[in-house]
Structure formats: C-alpha cells, structure tokens
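Encoded as structure tokens, the structure appears first; notes follow it.
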Amino acid sequence: MRYPFNDVEPKWQKFWEDKEVFKTDLSDSEKKLYTLVMFIYPSGAKLHVGHWYNYGPTDSWARFKKLQGFNVFEPMGYDAFGLPAENYAIKTGVHPYDSTMNNIRDIRVMLKKMGTMYDWNAELMTCVPEYYKWNQWLFLQLYKKGLAFKKNAPVNWDPVDQTVLANEQVLPDGTAERSGAKVEKRDMLQWFFKITDYAEELLAGLETIDWPEATKVKQRNWIGKSTGTEIFFDIDGLDDKIKVFTTRPDTLFGVTYVVLAPENPLVEKVINPEYRARLDEYLNQVKFLTDIERTALGREKTGVPTGAFAINPVNGEKVPIWVADYVLAGYGTGSVMAVPGHDERDFEFAAKFNLPIRKVILEKGKEPASPLAEAFTEEGTMINSGQFTGLDSEEGIEKINDFLEAEGIGHRAINYKLKDWLISRQRYWGTPIPVIYCEKCGELPVPEESLPVVLPYDVDFKPGGGSPLARKQDFIETVCHKCGGKAERDPDTMDTFVDSSWYYLRYPDPKFTDGMFNKSLAEKWVPVDTYVGGAEHATMHLLYARFIHKFLRDLGIAAGDEPFKRLIHQGTITKDGAKMSKSKGNIVNPDEFIEKYGTDVFRMYLMFMGPYELGGDWSDKGIVGVERFAQRAYTFAMEHEGYSLKFPAYKYYELESLNESEKTLYRKVNFTLNKCAQEIDNFRFNTAVAALMELINEMQSTFSSVRDDLKTFVLEKLVYTLAPLAPHLAEECWNSLGNRYSIYEKPFTFSVDEKALVIDEVTLVIQVNGKVRHKLQVAVDLDEKSLKEIVYADSKIKGYVDGKQIVKEIHVPNKIFNIIVR
RNA sequence: GCCGGAGUGGCGGAAUUGGUAGACGCGCUGGACUCAAAAUCCAGUGAGGCUGAAACCUCGUGCCGGUUCGAGUCCGGCCUUCGGUACCA
C-alpha cells in the first residue's frame with residue numbers, strides 16, 4: 001500500500017496540536033534545552049526551499065533531543081518590521097501592517113504543515129506595541145548611560161524621492177535602485193548605540209562560545225583590534241597638535257609628511273590661504289564621491305598640500321601637511337604620519353606627488369645602501385633613527401613607546417575598526433524613537449511611564465518629502481512632559497536589528513507586561529543552547545545581540561555573558577549557482593514536492609542532499625530515493641501490524657542465543673542507533689539518513705530468517721530513529737505496530753547494547769611495500785604471532801614475499817599488516 | 001589584495017587520530033513479477049588492461065612537489081570556485 005501522507009500528515013498534526021504535545025513546561029529547567037532558529041522575516045506569504053532547509057532539519061534536531069529526554073523549548077516568531085513591507089506598500093498601497101499580518105497568518109499555517117514542533121504558546125512578533133515598547137525602553141536605558149547618542153553621519157540621499165536609502169538600495173554605479181537618481185551623501189543627525197564601549201569584551205567573549213571558527217574569525221576581523229601608539233605632532237606656527245595613530249612607531253624617523261583626512265576639523269585650522277582654492281576644490285570633489293567610488297579597486301591616490309608644516313616630535317624635523325582621502329576620518333585619529341619607505345599607500349602617494357622616501361628599516365641580510373623599489377613593510381633593523389639605530393623593530397617599538405611616554409609626546413594606544421551602531425532609519429515601518437524636542441527644554445527622552453510611543457497606522461507612505469512619520473503632523477506635534485510647552489517627536493524609527501537583539505529573552509513569556517521580559521524564566525532558560533541561522537548574520541545580528549545581551553546583563557536583568565552558547569549555520573541552497581531571490585525569479589517552490597511526496601519526504605530529502613552546513617545547488621534528482629526509503633519503512637510497519645503487542649521485544653538480546661542472520665541484524669540495529677545519535681547530534685543528517693537506509697537494506701535481506709520478537713525489536717528501533725527525521729511517518733508506523741501512545745507524547749529512550757557494538761572479526765588488510773595485496777578475515781585483537789603465521793602461510797602473500805628480504809613489518813592491530821621487502 | 005570554506009565516479013555525496021577511496025542515494029545495464037505497464041524485488045555499475053569466467057594487474061580524490069611503510073587526510077607552492085572584507089595607518 002502506498003504511504004497515504006495526505007491522510008497521515010494532517011492526522012498527526014491535529015493530534016499534536018489537540019494534545020499540546022509540544023507545549024514546553026518552562027517551570028522545569030532541570031534538563032532544559034533551548035533551541036532556536038532565527039525568526040522569520042515575513043516579507044512574503046510563501047516559504048521557499050531555503051526556509052524549509054532552515055527550519056525542517058533544525059526541527060528534526062530539536063525532535064531528536066526531545067526523544068533523548070531533554071525538556072526542549074523550540075519557539076518561533078516573526079521579525080515583522082522592515083523595509084520590504086514598506087516598499088511593498090509604496091508599490092501597491094497595501095498598508096505594511098495589513099500585508100505583514102496577512103503574511104504571518106499564511107506562514108504560521110505553512111510552518112504547521114511542515115510538521116514542526118514549535119511551542120505556539122511562545123509565539124511573538126516585533127511589530128506590535130506590546131513588543132516594540134521594550135525596544136523603546138531599551139533605548140531609554142542606553143540613553144541614561146550615555147550609550148545612545150546623536151551625531152552627524154552621512155546618509156545616502158535620493159534627491160528625486162527625497163528620502164534616505166539603505167546601502168543595498170544604492171546600485172554599484174551610485175544611482176538609486178528605485179528612482180534611478182544619482183545618490184548623494186548628506187550629513188544628518190542620527191542616533192547611535194555605543195557598541196564600541198563593549199569592543200574588548202565582545203572580542204574576549206568569543207573564546208567562551210561554541211561557534212563555527214569561521215564566524216568567530218569574521219567577528220574578530222570586524223572588531224579589528226589593533227595595538228599601536230598615538231603620537232603628537234606640533235603644527236608649525238599653531239598651538240594645535242596633530243594626533244596620529246600608528247602600529248609602527250619604529251618607523252617614526254621615516255616620516256616625510258603628515259596626512260589629514262578631508263573631514264578632519266584640523267584641516268580648516270592649518271590651511272595656508274595660498275592653498276585655499278585648491279583645497280576647496282578637492283574637498284568638494286571628495287564630497288560627491290559615493291563610498292563605492294571612493295574605495296574603488298586600484299583607484300589612484302589623490303590629495304592636496306595645505307602649505308602648513310608639522311614637526312616630528314622625535315627629531316624636530318618639519319614635514320609638510322597634506323589632505324588626502326586615503327586617510328579615513330572614521331578610524332584612529334583621522335590623521336596619519338606618512339612613512340613612504342615602509343607603507344605601501346604612503347609609498348604610492350609619495351611617488352605620485354614627489355615627496356621624499358626615506359629608509360629607516362633594514363631588511364635582514366640587505367645593505368643599508370640598497371635602494372627601495374617598493375615599500376618594505378615588514379619588520380627589520382632600525383637605521384637612520386638617531387639613538388634607536390641598530391635595534392630590531394620589535395625592541396625598537398617598545399623603546400620608542402617608552403621614550404614617547406617619558407617625554408609626554410605620545411603613548412601606547414589601542415584602536416578598533418568596530419564602529420558605533422547607527423540605529424536611525426528615516427522610515428515608517430519600525431519602532432519610533434522615544435525622544436522629543438521641546439522648544440524650551442531641548443532634547444528629552446520620553447518618560448518610561450509614557451511608553452509605548454505608538455507607531456500611527458494612518459500615514460502617507462508614498463515617497464517624497466522625508467519619511468512618512470516626519471510628515472504626519474499629529475504624530476510629530478506633542479507636548480513637553482517637563483514644561484508643558486510645544487514639542488516635536490523624533491521622526492525616525494529604529495533599525496530592525498534592535499528588535500532581534502533581545503527577542504530570545506522574551507520567548508519564554510512573550511505576553512509579559514511587567515518588564516522587557518520575564519527575568520526569572522529567562523535566567524533559567526537563556527542562554528540559547530543551540531542557535532541556528534545563516535552565516536550572513538555573522539557581523540550584524542550576531543554581534544548586536546551579543547552587545548545588547550551584555551548591556552542587559554550590566555543593567556542586572558539578563559544573566560550570563562553570552563546569549564547563544566552553540567551556533568550552527570545552515571548552508572545556502574542555490575538555484576543554478578545563484579542565491580534564490582524574487583528579483584532573480586529563481587525561487588524553487590516546495591509546494592509541488594509536498595503535494596507529490598509529502599512533507600516528511602521533502603524534509604528528509606533536504607537533509608539527505610548533503611552536509612547541512614554547506615548547502616548546495618538545488619536539484620530534485622534523488623528525491624525518489626528518499627521516497628522509496630519512506631515507502632519501505634511504511635511497508636515494513638504495515639506488514640507487521642500489531643507486532644509490538646503480539647510479539648513484544650526483549651530489552652536486550654544475548655548474542656549467543658541468536659542465529660547468524662539475527663546476530664547480524666541485531667548488531668546492525670545497535671550500530672545504526674549509535675551512529676544516528678552521533679550524526680544527528682552534530683547536524684550531519686545526510687549520514688544519519690544513509691545509516692537508516694543501510695539498516696532497512698539489512699532488514700530486507702535477513703527478515704525471513706529472524707524470529708518474530710526480534711523483528712519487533714528491530715522495527716521499533718527503526719521507527720524510533722526515524723521519528724525525528726520523518727515525524728508523521730514514524731508516528732503512523734509506531735501506531736501500526738500496535739503502540740498505544742504517540743512517540744512524542746511519551747518520549748522514552750532506547751539505549752544501545754554496548755555488547756552488540758563489539759565486533760569479533762575484522763577484515764585485516766595485508767600490504768606489501770604499502771600496496772594492498774590481500775584481505776584476511778581474522779579474530780579481533782589477534783596477537784601478532786598468530787597473525788604472522790596466517791599471513792606467511794598464505795599462498796598469495798608467499799608470491800610477493802618469497803625470495804625477498806623482509807626489511808620491516810608494520811602492524812596496526814585490526815587494520816593493517818604491511819610487509820616491506822627488498 | 002587580505003581572511004575563511006569548497007574542489008572525490010555520469011550526478012548528490014561517504015570515508016575516527018594518516019591505514020581497504022567511492023558508504024548511502026540517483027542514474028544507467030541486465031534479470032524476476034505482469035497480458036502489458038507502473039510499482040516492487042534481485043544482480044551489476046570509477047577508468048583501463050588481461051581472461052571463456054574468476055583470480056589478477058595498472059591508474060585514479062583540482063595541479064606540481066615533499067614527508068611517510070602507507071596521503072582524499074599532513075607540509076610547501078599554485079589553479080578554480082563560493083562567501084566575507086575593502087586604503088583600518
């Protein structure tokens with residue numbers, strides 16, 4: 001009989017739902033296991049293959065843990081604010097709230113159809129005031145500590161749509177994706193969260209978590225810690241000093257000029273009037289370059305002199321001050337000491353503008369007189385460096401640092417690439433920023449008791465003239481809570497990464513009203529034990545969440561230092577080598593496969609395709625193999641209906657009491673149970689499925705000569721191991737065998753019979769001079785003496801060894817015996 | 001450029017600490033069942049050589065070299081590809 005998935009799947013889904021089989025008892029954290037997959041972004045109503053690949057296998061892992069006896073908490077929610085819903089509104093006129101809620105409704109149905117075991121009591125969404133109120137509360141706490149602050153920052157401004165664009169809305173040629181207008185850089189006051197205060201801890205914490213090494217590397221690079229020195233250069237004729245940061249103070253004697261970033265405020269101070277016109281022209285030019293143009297590959301260096309001079313504090317030398325955009329305003333001090341002899345960028349710049357190049361570091365084994373054809377950027381021996389000449393770089397760095405500190409002209413310093421987190425969005429569909437601007441009192445945070453600042457529904461989200469909230473007068477106009485006078489609300493909303501920075505804390509009690517989250521439950525359940533999501537979040541979401549967690553810990557409301565203990569990345573499923581996306585039109589729709597094979601088979605096929613962390617290119621070739629396997633399992637169960645009752649299995653079997661077929665099969669079952677547990681635990685679903693296929697092959701060839709109660713034993717184990725991978729099918733088979741309870745309703749564990757895992761005979765490979773020449777079946781742990789007797793008596797081996805001198809014998813017990821002859 | 005992953009049959013992919021390369025599945029070939037087909041089951045399937053057949057031999061994990069009794073696995077140098085990053089002083 002064909003496996004009737006169309007009847008079986010809804011039947012068990014209803015059963016699970018009616019009996020609340022997957023409701024977690026959160027009061028019991030004894031064997032707690034919080035497993036989470038990154039919540040879903042409801043930008044469309046359909047789940048594509050990528051979603052399935054993310055949620056299906058992860059759910060199988062959670063189910064596996066539940067069967068192992070863990071109290072598993074697996075919730076799901078919706079990352080419901082964000083740009084796509086707003087863009088959709090602009091295009092179609094459908095309000096973001098309406099389209100989002102519709103999508104959520106559809107998605108919820110589909111997630112249930114997948115057969116996931118989410119605890120729907122814990123569902124949450126970010127676009128409702130009950131949730132985003134706490135974003136605002138979080139903002140206020142950060143504000144109080146000075147960790148939420150305002151500063152000018154450049155944004156992408158679309159002059160046609162009169163709106164701010166996200167980086168991904170700007171095409172590589174610098175035009176807007178929507179309007180086609182040339183995008184400009186505009187400085188606007190923006191809110192930031194001061195993540196840089198946590199830079200060091202974010203770096204150090206990486207050592208304590210079980211994350212993919214590649215992701216830790218990405219975060220380390222992103223934080224970009226750099227140890228060096230800050231040095232003060234006097235400006236000739238001015239009281240101001242130029243502060244530079246360098247990692248190579250040992251090259252200080254090689255400085256031949258100093259460069260300021262165009263945005264550095266000192267530029268205006270140092271500029272010599274005679275150079276003013278050229279400077280202004282240059283600054284203007286730089287301003288209109290997009291980020292992409294400014295950082296374009298292989299772009300030639302540009303810059304202008306200021307006519308001013310700086311004084312090298314170590315030797316009193318006067319060197320010219322230049323302005324050039326290869327120096328970044330946002331890193332270090334926004335100015336550098338240029339050492340063209342030992343820095344590639346400075347070398348290139350000096351060569352172009354005919355600035356002197358001086359050699360102060362000597363490459364080991366080279367003559368001081370040898371000319372520099374390019375910058376020598378490695379360490380070496382210091383030369384032409386006054387009292388430091390002759391020192392190795394490593395020692396010289398320390399000595400120079402000591403000298404600078406003693407003289408008060410510099411000090412050791414640490415810099416990070418990590419920048420503060422810009423959270424302002426000049427957009428509608430997000431959390432309103434809880435700040436007002438009073439005519440008299442100035443900038444004021446909204447009092448906590450007045451939260452939430454509700455996002456108004458009735459707005460005009462058509463583009464043009466700033467963000468929708470800025471145009472909505474009855475939202476903007478408000479009364480100052482301090483003086484009762486006229487005030488205006490902040491028209492911006494928050495980055496949606498704020499929403500996702502703490503949602504895992506709220507899941508245990510999503511309706512909680514007395515605070516951001518239920519502290520006592522969160523203490524018990526957080527950190528998330530296993531967190532699954534795409535590697536594309538390595539430096540954004542996953543870093544922001546760590547930061548906010550640490551901040552909440554410092555507030556005293558979150559426990560522990562890290563939010564996510566173990567992290568797994570699912571790979572990406574591509575189509576014809578490209579990422580699936582609506583715009584490319586290469587989305588694979590799972591529906592046709594679900595209709596044809598059922599959800600379990602589709603889920604299992606996704607797991608069988610290859611290593612979960614690698615993903616791969618989509619192909620439906622091979623899904624029939626998984627279908628056949630499911631069918632065989634089903635047929636087995638149906639052919640042995642009621643066996644659990646009629647021929648109850650023993651807990652274990654003595655190997656001696658079994659015939660050859662039974663022994664082989666009994667061993668195979670135990671081996672498979674053991675193997676699958678290990679494989680699933682480590683998200684290696686493909687090999688787990690393969691192991692089960694092997695088991696069913698073995699059943700096929702031995703069952704006819706196996707006694708009935710052992711058949712029951714084998715079938716029960718098969719179904720049990722299959723249950724996480726194909727939950728509906730397994731429940732149905734379990735039922736058919738005569739079991740009265742659902743597998744998931746009353747989880748129980750089987751343990752492996754260790755005795756059955758012991759192998760008594762092995763295939764020993766016999767090599768001559770490293771080449772495989774023969775294979776022998778021998779008893780396990782056979783002593784070397786007996787082994788040699790067998791080996792050298794073998795006629796085949798004799799043919800290779802006779803008449804030759806045996807130089808060496810290598811014996812790896814139970815694996816290999818290698819004879820070296822001459 | 002730098003950082004990280006990947007490269008194994010016709011295809012997806014397996015291979016503890018270096019120890020039988022190709023598990024499992026797809027596809028293909030042949031057979032059984034059938035009036036026939038589908039479904040299912042059985043057998044074979046890296047390439048080449050030799051043979052009536054088996055046994056056997058040679059080659060084979062992106063390329064070149066090395067270490068080792070033995071390398072898909074370790075080391076050095078490349079190539080291709082996918083991701084991240086972009087003048088970070």
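Naming: A, B, ... by sequence-line order, numbering from 1 per chain. Because only heavy atoms are used, hydrogens play no part in the values below, and waters and symmetry mates are left out as well, while side chains stay in. Because the structure is predicted, anything quoted here is derived from the model rather than measured.
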Side-chain N,O ([X]) to OP1/OP2 ([N]) below 4.0 Å:
X: A/R628; N: B/A39; answer: no
X: A/R684; N: B/C24; answer: no
X: A/K218; N: B/G83; answer: no

ask   = Is there any side-chain hydrogen bond (donor to acceptor under 3.5 Å, both in side chains) pair reaching into residues 614-625 of chain A, and which pairs are they, with sequence neighbours excluded?
value = A/T574-A/D617
request  = Please state how far atom NE2 in A/H569 lies from atom P in B/G5, giving the value in whole angstrom units.
outcome  = 13 Å
request  = Would you jot down, in residue-number order, the residues of residues 617-627 of chain A having a non-hydrogen atom under 4.0 Å from RNA chain B?
outcome  = A/G622, A/V624, A/G625
What's [X] touching, base or sugar-phosphate or nothing? Going by heavy atoms closer than 4.0 Å.
X: A/N415; answer: nothing
X: A/R773; answer: sugar-phosphate
X: A/N818; answer: base
X: A/I820; answer: sugar-phosphate
X: A/Y800; answer: sugar-phosphate
X: A/Q767; answer: base
X: A/V812; answer: base
X: A/E536; answer: nothing

remark   = Heavy-atom nearest nucleotide on RNA chain B taken for A/G334 and for A/T687; more 5' hit belongs to A/T687
ask   = For RNA chain B, whose closest nucleotide is more 5', that of A/G610 or that of A/N221?
value = A/N221
task = Decide whether a cation-pi geometry holds between A/K711 and A/F703; the criteria are a distance under 6.0 Å from NZ or CZ to the six-membered ring centre and an angle within 45° of the ring axis.
result = yes
ask   = Taking the six-membered ring of A/Y416, is the NZ or CZ of A/K225 close enough (under 6.0 Å from the centre) and on axis enough (within 45°)?
value = no
request  = Classify the side chain of A/K815 and the base of B/U17 as holding, or not holding, a donor-acceptor pair under 3.5 Å.
outcome  = yes
key: Quiz item: A/K301 side-chain donor-acceptor pair to B/C87 base, under 3.5 Å   = yes
message = Looking only at the side chain of A/N697 (C-beta and beyond, no hydrogens), which of the listed nucleotides B/G25, B/A14, B/U58 gets closest?
response = B/G25
message = Among B/G13, B/G25, B/A89, which nucleotide has an atom closest to any side-chain atom of A/S226?
response = B/A89
key: Base-paired stems that RNA chain B participates in, counting runs of 3 or more Watson-Crick or G-U pairs under 3.5 Å   = B:1-7 with B:79-85, B:10-12 with B:24-26, B:27-32 with B:40-45, B:46-49 with B:56-59, B:62-66 with B:74-78
ask   = Got a donor-acceptor contact below 3.5 angstrom from the A/N818 side chain to the A/I810 backbone?
value = no
message = Determine whether the aromatic ring centres of residues A/W421 and A/F192 are separated by less than 6.0 angstrom.
response = no
